[in-house]
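Have a look at the structure below before the remarks.
Chain A is the first sequence line, chain B the second, and so forth, proteins listed ahead of strands; every chain is numbered from 1. These numbers come from the heavy atoms of this one structure, side chains and all, not from hydrogens, waters or symmetry mates.
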Amino acid sequence: MDKHYDAKAAEAKWYKFWEENGCFHQDPDGREPYSVVIPPPNVTGILHMGHALNQTIQDILVRWRRMQGRNTLWLPGTDHAGIATQNVVEKALKKEGKRRQDLGREKFLERVWEWKRQYGGTIVHQQRMLGNSTDWRRERFTFDEGCSRAVAKVFTQLYDEGLVYKGNYIVNWCPRCGTAPANDELEHEPNHGHFWYVRYPVVGRATGVKGEPYKDYVMVATTRPETLPGDTAVAVNPKDDRYAHLVGKTVILPLTGREIPVISDDYVDREFGTGIVKITPAHDPNDFLVGKRHGLAEINIMTDDAHMNELAGEKYCGMDRWECRKAIVEDLDAGGFLDHIEDIDNQVGHCYRCHETVESRLSKQWFVKMKPLAEPAIAAVKSGEVKFVPERWSKIYFNWMENIQDWCISRQLWWGHRIPAYYLKSDAEQVFVAETAEEALAKAKKATGNAALTIADLDQDPDVLDTWFSSWLWPFSTLGWPEKTKDLEYYYPTTDLVTAQDIIFFWVARMMMAGIHFMKKPPFRNIVIHGIVRAADGSKMSKSKGNSLDPLELIDQYSADALRFSIALITSLECDTKVNKEKFEIGRNFTTKIWNAARFLLMQEAEVEKLNVEKLKSPDAAAQPFNLSTFQPFNLSNEILEAYRIQDGALAVYDFFWTQICDGYVEYVKDSPNKAASVAILRDVFWKALRLLHPYMPFVTEEVAHQLGFLKEGETIMLQEFPKGYTDAEKAAWGVTEGNYEFVNAKREAITAIRALRAEYKVPPATFVKVTVATDDAKAAAEADSLKKAMRAESVDFVAAGSDLAMPSKITKFGTVYLSLEGLVDKAAEAKRIAGELAKLAGFIKSSEAKLANENFVAHAPEAVVAEARRKLAENKEKVAQLEKLAKLFARGIYKERKMK
RNA sequence: GGGCUAUUAGCUCAGUUGGUUAGAGCGCUUCCUUGACAUGGAAGAGGUCAGUGGUCCGAAUCCACUAUAGCCCACCA
């Protein structure tokens, strides 16, 4: 075995082996399935820390379940990411001086597919670096043939059920991209804007005179004066006494002379602005709703590229919106309508893609009615059929689901699933929705009674569907739906879904709805929500801030195992994870530790090579400092992972391997009286530990398992059984009993106690000391030699238990160990230290006594707790007695060793 | 405005249904290069568990309020 572990070589070698040998792939059989679908990353994406966290958690669960013997599927794939991908290709086109319109739809789409073939594999190759055990043979793409078929079927079915409709709606509109970004795709940015206070003269109470302020008017504050020509009312709060008399009156819309009503609506905030709002239903989402409630007209005064149209008035028609704002403000001022201007800081929505200020625009869009879909999805979580882990996320889920809005699913893009709606060229009002053009044609023929219609007589809707419209089908479209495949039957519903909190709404909730609606069963049983990876200062990682860590760089520097293990160890499902580079050293160091422990085992085995196996079962084999029955990690790992406590699991195996095996047992093996037996046990424990560690650190465990000969060529640790605790039979075979364990453990405790005493009294390591042990254990005396060595003692004497020696001591299960300090310490300093120690102990004793004096404590607390409290009290009292004696001796300066017996 | 969460060691965080003198990693102090490992080993310092009040024999844990921080949704015309 090489002195140093070559992670890069091992990781490349083993991943290739696993993938080529189909270790990630299983087919439906009679076993219990365990299935997970990966949250598909954008095909344009590159691997970031969020993926690393998300996928590490999944891979740990998947590898663990696979080793448990479950038929395991982890299905990978990518998302076609409509706007992001289109954007990438458009940017490339721009370099050639072209726009997508220059190519035309068909040619452009060819370009995108070409881009996908060339670069779309980036992230899936990067995922392999992490060691993901995803079944690449089943890799899917949201825009592949099968997923596209599912999308068309779903759209058609929902349409037939009346759950998809086309409606007038106010949507966000990016005038530059010509798209309708969803609310969640907007970036709200602080804006230093203005409040223009505009007077709307009240009809019948005054007339305006040019150049003079109006006397009777209502004053409206607006940040968007350019939308004024679209106003169809002004509104006040119904509870606002100041303006109650105005409701029902009519005011004149400045610059237009149009008369518009004063209405009252709860939407208006009395405290904000003047308490009077202009209502522009075609250009503001809230105004749109107000307009609907009051039956107001919707006057669209803008074109798609944010220029004013003829309805804005002759003067403004053709102006850009900002130009128009300027012109209108000037005209309002000139006309005496502008009262004053105020600075105001507000938030303005920007297109996340091109950063253009987003406009609210009235348009025809396709929608999904969400309420009927949401109801069963709420019920499935309420009933416990589907569980959130941690449970509290269900509250957020309910909150959103219960206030759900219809989902605008049409997008004015080219890259995506085209809406399967076809219009008659001769009459665009007639729409036929069908999975294919042929079926639509058939429907059209039937509806019109015109058998001569051809496909050329139909226009397909130019828009495509929101990316989420394919993602929400992911758990079943990837398994073959709408075909009734074996995979679908066997692996659906999937077991766990692992994702971050930020897509509970967009993705998780919608998958719930689609799964229940189309499959009649929720798509997964458990929704595991983890936090977001943040930079060390708690801010979001972003490239622009330069505070992001690149997982590929970390893999390069520390290894994939190191990255995975560190992530598992520092990540709590409960909250976000703050990371910095140093944290990944934990995993790197652990990898090294495992490697070195393996080398130690091989060296020890070389030493005992000639000893035969039979010796293991000799009584000596019993004297091992391990109680195999209380080998916690073996028993606990399954329980911990059942509860998705990844961090606890990582900590448990880490502590077990490092503290128990390396710091404890390995040190013992070095001086073991029966090395052959100890090494054999170490080998057995090591093999179990490797399997325990494998889900966290797949590569180093595989490599070490082969180096140590646990596996033959062609075998893999991936498919070995996940270890359980030692059985009684195994323990009997090792000759391990509780009593032996207790004794050896006590001995170790004694050694630790002497080390501590030496440190307390600052005894240099080179100085050999005299040790006395007060014990009645007959076996103890036989250990004098090994104790001497471990304690760096000149001599180890044994006296009867209870013997009272005025020397520094520690109480252990082995007995009381005394350290002779003759001529070794500064007496004055020591007296002071002892005084401090006594004060501390007095506090403990006082609280312990109070506790034990409390009848209720004795009556109610668990027996073990009470017993332990008693034991501690007695022990502390004993300690105090000893310290007091010692203190006296120090104080008198006559400390001197007195041997009893 | 609506919803959710957090506050424990210098830092990042554990602490499962209330129950031993509240733990880990990093950092810090002292010591150690005797062949598994200095990416290491041994020992140690460091916390009135944000505050106040309550329930209980017993509270970091449950309840109420306060303070501070953060997240999500909606959003100021």
Side-chain angles (χ1 to χ4, degrees), chain A residues 1 3-4 183-184 188 195 220-224 227 235 267-269 271-280 284-287 344-347 349 392-393 395-396 398-400 403 405 501-502 504-505 531-532 536 538 558 562 566 569-572 574-580 582-583 585-604 639-640 643 645 647-648 651 654-655 662-663 666-667 670 752 755-760 762 764-766 840-841 843-844 847-848 851 854-862 864-872 876:
Chain A
M1 214 168 155
K3 185 156 188 194
H4 296 289
N183 275 336
D184 31 271
H188 287 275
F195 237 162
V220 167
T222 179
T223 55
R224 304 209 50 203
T227 64
Y267 155 67
V268 182
D269 181 349
E271 309 301 320
F272 196 77
T274 60
I276 308 178
V277 195
K278 70 191 203 64
I279 301 295
T280 322
D284 181 277
N286 286 306
D287 292 7
I344 184 172
D345 290 324
N346 57 358
Q347 298 268 317
R392 68 187 160 90
W393 292 108
K395 290 185 201 166
I396 287 169
F398 291 137
N399 190 255
W400 187 75
N403 298 293
Q405 303 291 315
Q501 67 220 31
D502 51 351
I504 292 180
F505 306 141
I532 296 170
Y558 296 130
S566 301
L569 193 65
I570 65 184
T571 293
S572 162
E574 295 295 331
C575 57
D576 291 352
T577 302
K578 291 181 199 163
V579 297
N580 55 42
E582 288 67 44
K583 290 200 169 169
E585 290 176 5
I586 301 171
R588 189 266 318 263
N589 295 354
F590 192 33
T591 310
T592 308
K593 193 74 180 177
I594 294 168
W595 187 256
N596 282 310
R599 290 176 58 222
F600 173 80
L601 175 60
L602 285 183
M603 287 177 189
Q604 296 295 309
E639 286 171 36
I640 290 173
R645 284 157 54 195
Q647 186 181 36
D648 287 357
L651 190 63
Y654 181 79
D655 176 73
C662 294
D663 294 346
V666 160
E667 291 306 317
K670 288 177 183 173
T752 305
R755 282 178 183 164
L757 285 169
R758 292 180 66 115
E760 263 175 41
K762 306 207 189 312
K840 210 168 160 189
L841 282 170
F844 292 146
S847 67
S848 297
K851 188 186 266 182
N854 185 328
E855 284 170 29
N856 285 313
F857 170 69
V858 178
H860 292 94
V865 173
V866 178
E868 185 61 19
R870 286 215 174 94
R871 200 187 70 72
K872 284 279 179 191
N876 283 333

Just checking [X]: base, sugar-phosphate only, or nothing, at a heavy-atom cut-off of under 4.0 Å?
X: A:F505; answer: sugar-phosphate
X: A:T222; answer: sugar-phosphate
X: A:E855; answer: nothing
X: A:N286; answer: sugar-phosphate
X: A:T280; answer: nothing
X: A:G587; answer: nothing

Nearest-Å distance, [atom1] ([X]) to [atom2] ([N])?
X: A:D284; N: B:A74; atom1: CG; atom2: C1'; result: 13 Å
X: A:R758; N: B:G44; atom1: CZ; atom2: P; result: 14 Å
X: A:Y267; N: B:C75; atom1: OH; atom2: C1'; result: 9 Å
X: A:I396; N: B:U5; atom1: CD1; atom2: C1'; result: 8 Å
X: A:I504; N: B:C71; atom1: CD1; atom2: P; result: 16 Å
X: A:I594; N: B:U39; atom1: CD1; atom2: C1'; result: 13 Å
X: A:W400; N: B:C73; atom1: CH2; atom2: P; result: 11 Å
X: A:R588; N: B:C37; atom1: CZ; atom2: P; result: 16 Å

Counting primed atoms, P, OP1 and OP2 as sugar-phosphate and everything else as base, the B/S/- map of nucleotides 17-26 of chain B against protein heavy atoms under 4.0 Å is --BBB--SS-
Interatomic distance at [atom1], [N] relative to [M], whole Å:
N: B:U33; M: B:G46; atom1: P; answer: 28 Å
N: B:U55; M: B:U61; atom1: P; answer: 15 Å
N: B:C57; M: B:C32; atom1: C1'; answer: 49 Å
N: B:U21; M: B:U29; atom1: P; answer: 32 Å
N: B:G19; M: B:C31; atom1: P; answer: 40 Å
N: B:U5; M: B:U17; atom1: P; answer: 15 Å
N: B:G27; M: B:U12; atom1: C1'; answer: 11 Å
N: B:A45; M: B:C28; atom1: C1'; answer: 8 Å

State, to 0.1 Å, how close [X] and [Y] come at their nearest heavy-atom pair, and which atoms those are.
X: A:V277; Y: A:V268; result: CG2-CG1, 3.6 Å
X: A:K278; Y: A:T227; result: NZ-OG1, 2.7 Å
X: A:A598; Y: A:M1; result: CB-CE, 3.4 Å

Quick one: pull up [atom1] in [X] and [atom2] in [Y] and give me the separation to the nearest 0.5 Å.
X: A:T591; Y: A:I586; atom1: OG1; atom2: CD1; value: 11.5 Å
X: A:T223; Y: A:D284; atom1: OG1; atom2: CG; value: 8.5 Å
X: A:N580; Y: A:E585; atom1: CG; atom2: CD; value: 9.0 Å
X: A:R599; Y: A:N596; atom1: CZ; atom2: CG; value: 5.0 Å
X: A:I276; Y: A:T222; atom1: CD1; atom2: OG1; value: 13.0 Å
X: A:E868; Y: A:R871; atom1: CD; atom2: CZ; value: 4.5 Å

A:L651 vs A:R645, test: side chain to side chain contact (heavy atoms under 4.5 Å, CB included). Steps then yes/no.
CA-CA 10 Å; A:L651 190 63; A:R645 284 157 54 195; over 6 Å; no
Would you tabulate the pairs of protein nitrogen or oxygen atoms and nucleotide nitrogen or oxygen atoms of nucleotides 32-36 of chain B closer than 3.5 angstrom?
unit_1: B:A36; atom_1: OP1; unit_2: A:K670; atom_2: NZ; d: 3.4
unit_1: B:A36; atom_1: O2'; unit_2: A:N596; atom_2: OD1; d: 3.2
unit_1: B:A36; atom_1: O2'; unit_2: A:R599; atom_2: NH1; d: 2.9
unit_1: B:A36; atom_1: N6; unit_2: A:E667; atom_2: OE2; d: 3.4
unit_1: B:A36; atom_1: N3; unit_2: A:N596; atom_2: O; d: 3.1
unit_1: B:A36; atom_1: N3; unit_2: A:A597; atom_2: N; d: 3.3

_Determine whether a donor-acceptor pair (one donor, one acceptor, N or O, separation below 3.5 Å) exists between the side chain of A:R645 and the base of B:U16._
yes
Open item on the list: Looking at A:E582, I'd like to know if its CD atom is crowded, meaning that more than 12 non-hydrogen atoms belonging to other residues, nucleotides or ligands lie closer than 6.0 Å.
Closed with: yes
Worksheet item: Any idea how A:W400 and A:F505 line up, ring-wise: parallel (<30°), tilted (30 to 60°), or perpendicular (>60°)?
Response: parallel
Writing each nucleotide of RNA chain B 5' to 3' as (, ), [, ], | or . by Watson-Crick or G-U pairing under 3.5 Å yields (((((((..((((.....[...)))).(((((.......))))).....(((((..]....))))))))))))....
Query raised in the report: With a 4.5 Å limit on heavy-atom distance, are the side chains of A:N854 and A:K851 in contact?
Result: no
